Amino acid sequence: MQVICVSSLKGGVGKTTVTLGLASAAFAKGLRTLVIDMDPQSDVSSALASRSSHGYSIDSVLTNSSGSVVRQAVVPSSWSGPDDVPVHILMGSPLVSSHDKPTPTKQDLWKLEEALATIESQYDLVLIDCPPSFNGLTQTAWTAADSVVIIAEPGLFSVTAVHRTLLALHAMRLKMSPRLRTAGVIINRFRPDSAEHTFRLAEMKQLFGDHILEPILDETLILQQSTGAAVPIHRWPGEQAQTISHYFDRLLVKVLVGAENVRG
Ligand SMILES: Nc1ncnc2c1ncn2[C@@H]1O[C@H](COP(=O)(O)OP(=O)(O)OP(=O)(O)O)[C@@H](O)[C@H]1O
Ligand SMILES: [Mg+2]
């Protein structure tokens with residue numbers, strides 16, 4: 001089981017959208033996939049959940065990480081079909097904010113890792129959609145992870161956020177989790193017709209070099225449409241959806257290689 005966090009210390013850059021795109025690529029490959037919603041906004045749960053977890057959620061799991069609580073908080077996503085290996089979702093909740101402590105203890109930080117140990121044999125891939133700051137929840141998610149993929153937009157504030165995220169990852173490696181790796185930086189919402197975007201992309205390539213994962217994801221309405229319709233991008237009709245799906249296939253391979261290197 002590989003555990004990958006999708007993170008950015010800046011809001012609204014596409015963490016949830018990329019989590020869904022990577023989950024869609026994993027779904028298309030038939031990987032046994034669990035998506036964990038670590039964000040109190042619970043956007044990825046809204047996009048994926050097909051049924052209620054009867055009040056059990058990531059909040060319950062961080063309170064009691066036993067296998068029985070974890071199994072109640074996990075539900076099949078709306079993407080499951082009769083012939084598919086279903087994608088599962090560990091439900092988010094606004095209540096998880098109560099675990100967002102400014103100075104979490106080591107015991108707090110190990111909670112998700114403990115919970116995942118109870119279901120380790122059931123999944124090939126765990127994708128964690130993180131909140132947009134370096135808070136207790138993000139640190140708890142990173143402690144359970146093999147690697148972190150950073151999401152960025154081609155804009156000035158995002159450039160500085162990538163730098164902050166890389167520094168925070170270094171600090172976490174020293175403090176909690178020597179195995180934690182940076183899977184790379186995915187650049188999202190690129191507009192090829194924008195001179196500013198072209199400039200920022202070149203700047204990011206210069207600053208972060210090998211960390212940047214190709215292909216770059218363009219801004220496109222169909223990602224918003226497929227998310228809104230709760231359909232994986234790999235099942236959205238049309239040539240453009242096929243192209244983006246293929247981009248996510250390539251990004252998933254790179255992200256998985258990054259996580260494998262953790263052990264290599
Ligand atoms: N490549 C893209 N093309 C078009 N729209 C996009 C793209 N990526 C994200 N969006 C849109 O941008 C908005 C923000 O994306 P998203 O919710 O994925 O960001 P986020 O980083 O998860 O935000 P938050 O920090 O609030 O959790 C959403 O409306 C989403 O549909
Ligand atoms: Mg989000």
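Small disclaimer: the values here were computed from a predicted structure and weren't measured. Whatever order the structure lists ligands and atoms in, that order sets their numbers, starting from 1.
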**Q** Would you find a donor on one side and an acceptor on the other, under 3.5 Å apart, between the side chain of Asp39 and the backbone of Ser42?
**A**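 A pair under 3.5 Å: no.
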**Q** Closest non-hydrogen protein atom to atom 31 (O) of ligand 1, residue and atom name please, with distance?
**A**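 That would be Gln224 CG, 3.3 Å.
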**Q** Looking only at protein heavy atoms, which one is nearest to atom 26 (O) of ligand 1, and how far off is it?
**A**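 Going by distance alone, atom 26 (O) of ligand 1 is nearest to Gln41 NE2, 3.1 Å.
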**Q** If you compare all heavy atoms of Ser121 against all heavy atoms of Arg32, which two are closest, and at what distance to 0.1 Å?
**A**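 The answer is O-NH1, 3.0 Å.
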**Q** Would you say the side-chain atoms of Glu114 and Ser65 include a donor-acceptor pair closer than 3.5 Å?
**A**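 Ser65 and Glu114 do have a side-chain donor-acceptor pair below 3.5 Å.
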**Q** For side chain to side chain contact (heavy atoms under 4.5 Å, CB included), just list the numbers for Lys111 and Val61, CA-CA rounded to whole Å, side-chain angles, deciding distance to a tenth of an Å, and then say yes or no.
**A** CA-CA 8 Å; Lys111 276 282 176 189; Val61 167; over 6 Å; no
**Q** Report the residues that fulfil side-chain contact (heavy atoms from CB on, under 4.5 Å) with Gln72, sequence neighbours left out, ordered by chain and then residue number.
**A**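 side-chain contact (heavy atoms from CB on, under 4.5 Å) check on Gln72 returns Tyr56.
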**Q** Quick one: does Asp218 get a heavy atom under 4.0 Å from ligand 1?
**A**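 Right, Asp218 reaches ligand 1.
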**Q** Can you check which of Thr16, Thr17, Ile222, Ile187 brings a heavy atom nearest to atom 30 (C) of ligand 1?
**A**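 It is Thr17 whose heavy atom sits nearest to atom 30 (C) of ligand 1.
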**Q** Give me the nearest non-hydrogen protein atom to atom 19 (O) of ligand 1 as residue plus atom name, then the distance to 0.1 Å.
**A**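 For this ligand atom, the closest protein heavy atom is Gly14 N, 3.0 Å.
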**Q** Please check if a non-hydrogen protein atom sits closer than 4.0 Å to atom 28 (C) of ligand 1.
**A**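 For atom 28 (C) of ligand 1 the answer is no, since every protein heavy atom stays at 4.0 Å or beyond.
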**Q** Identify the closest protein heavy atom to atom 21 (O) of ligand 1: which residue and atom is it, and at what distance?
**A**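 Ranked first by proximity to atom 21 (O) of ligand 1 is Lys15 NZ, 2.7 Å.
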**Q** Assess the residue pair Leu180 and Leu169 against the criterion (side chain to side chain contact (heavy atoms under 4.5 Å, CB included)); give the C-alpha distance rounded to whole Å, side-chain angles, the decisive distance to 0.1 Å, and a yes or no.
**A** CA-CA 8 Å; Leu180 187 64; Leu169 275 165; 3.5 Å; yes
**Q** Return yes when at least one N/O/S atom of Thr16 is nearer than 2.8 Å to the Mg ion (ligand 2), and no when none is.
**A**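 So Thr16 counts as coordinating the Mg ion (ligand 2), yes.
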**Q** Only heavy atoms of Pro132, strictly under 4.0 Å: list the atoms of ligand 1 that pass.
**A**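 Atoms satisfying the 4.0 Å criterion: 25 (O).
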**Q** Could you check whether any side-chain N or O of Lys15 sits under 3.5 Å from a backbone N or O of Lys10, counting only pairs where one atom can act as donor and the other as acceptor?
**A**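 A pair under 3.5 Å: yes.
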**Q** When the ring planes of Tyr123 and His88 are compared, do they come out parallel, tilted or perpendicular, using 30° and 60° as the limits?
**A**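 Plane angle over 60°, so perpendicular.
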**Q** Going by the order shown, which atoms of ligand 1 are within less than 4.0 Å of some heavy atom of Leu223?
**A**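 Those atoms are 1 (N), 2 (C).
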**Q** Within the distance-only criterion (no hydrogens, no angle test), does the side chain of Ser226 pair as donor or acceptor with the backbone N or O of Ile233 below 3.5 angstrom?
**A**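 No, Ser226 side chain to Ile233 backbone: no donor-acceptor pair under 3.5 Å.
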**Q** Closest non-hydrogen protein atom to atom 7 (C) of ligand 1, residue and atom name please, with distance?
**A**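 The closest one turns out to be Arg189 CG, 3.6 Å.
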**Q** Short question: side chain of His99, backbone of Asp59 - any donor-acceptor pair under 3.5 Å?
**A**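 The answer is yes, because a donor-acceptor pair under 3.5 Å joins these two groups.
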**Q** Any idea which atoms of ligand 1 are less than 4.0 Å away from a heavy-atom of Gly11?
**A**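 Result: 25 (O).
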**Q** By number and element, which atoms of ligand 1 are closer than 4.0 Å to a non-hydrogen atom of Asp39?
**A**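 In order of number, 27 (O).
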**Q** Main chain of Leu20, side chain of Ser24: is a donor-acceptor contact present, judged purely on distance under 3.5 Å?
**A**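 Pair absent, no side-chain N/O of Ser24 close to backbone of Leu20.
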**Q** Look only at interatomic distance and state if Val13 has a nitrogen or oxygen under 3.5 Å from any nitrogen or oxygen of ligand 1.
**A**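 Min N/O separation from ligand 1 is below 3.5 Å for Val13.
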**Q** Just by modelled atom types, is the Phe190 backbone N or O under 3.5 Å from a matching donor or acceptor in the Ser194 side chain?
**A**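 Here the side-chain-to-backbone pair does not exist.
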**Q** So is Leu217 in contact with ligand 1, going by heavy-atom distances below 4.0 Å?
**A**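 The answer is no: ligand 1 sits nowhere under 4.0 Å from a heavy atom of Leu217.
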**Q** May I ask whether Thr227 has any heavy atom positioned less than 4.0 angstrom from an atom of ligand 1?
**A**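 For ligand 1, residue contact (heavy atoms, under 4.0 Å) with Thr227 is absent.
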**Q** Between Asn188 and ligand 1, find which residue part has any heavy-atom pair under 4.0 Å and reply side chain, backbone, both or neither.
**A**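 It is the side chain that touches ligand 1; the backbone stays farther off.
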**Q** Consider every N or O of Leu221 and every N or O of ligand 1, then say whether any pair is closer than 3.5 Å.
**A**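 There is no such contact.
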**Q** Looking at atom 3 (N) of ligand 1, what's its closest protein heavy atom, distance included?
**A**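 The protein heavy atom lying closest is Thr220 N, 2.9 Å.
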**Q** For atom 14 (C) of ligand 1, what is the closest protein heavy atom, and at what distance to 0.1 Å?
**A**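 Result: Gly12 O, 3.8 Å.
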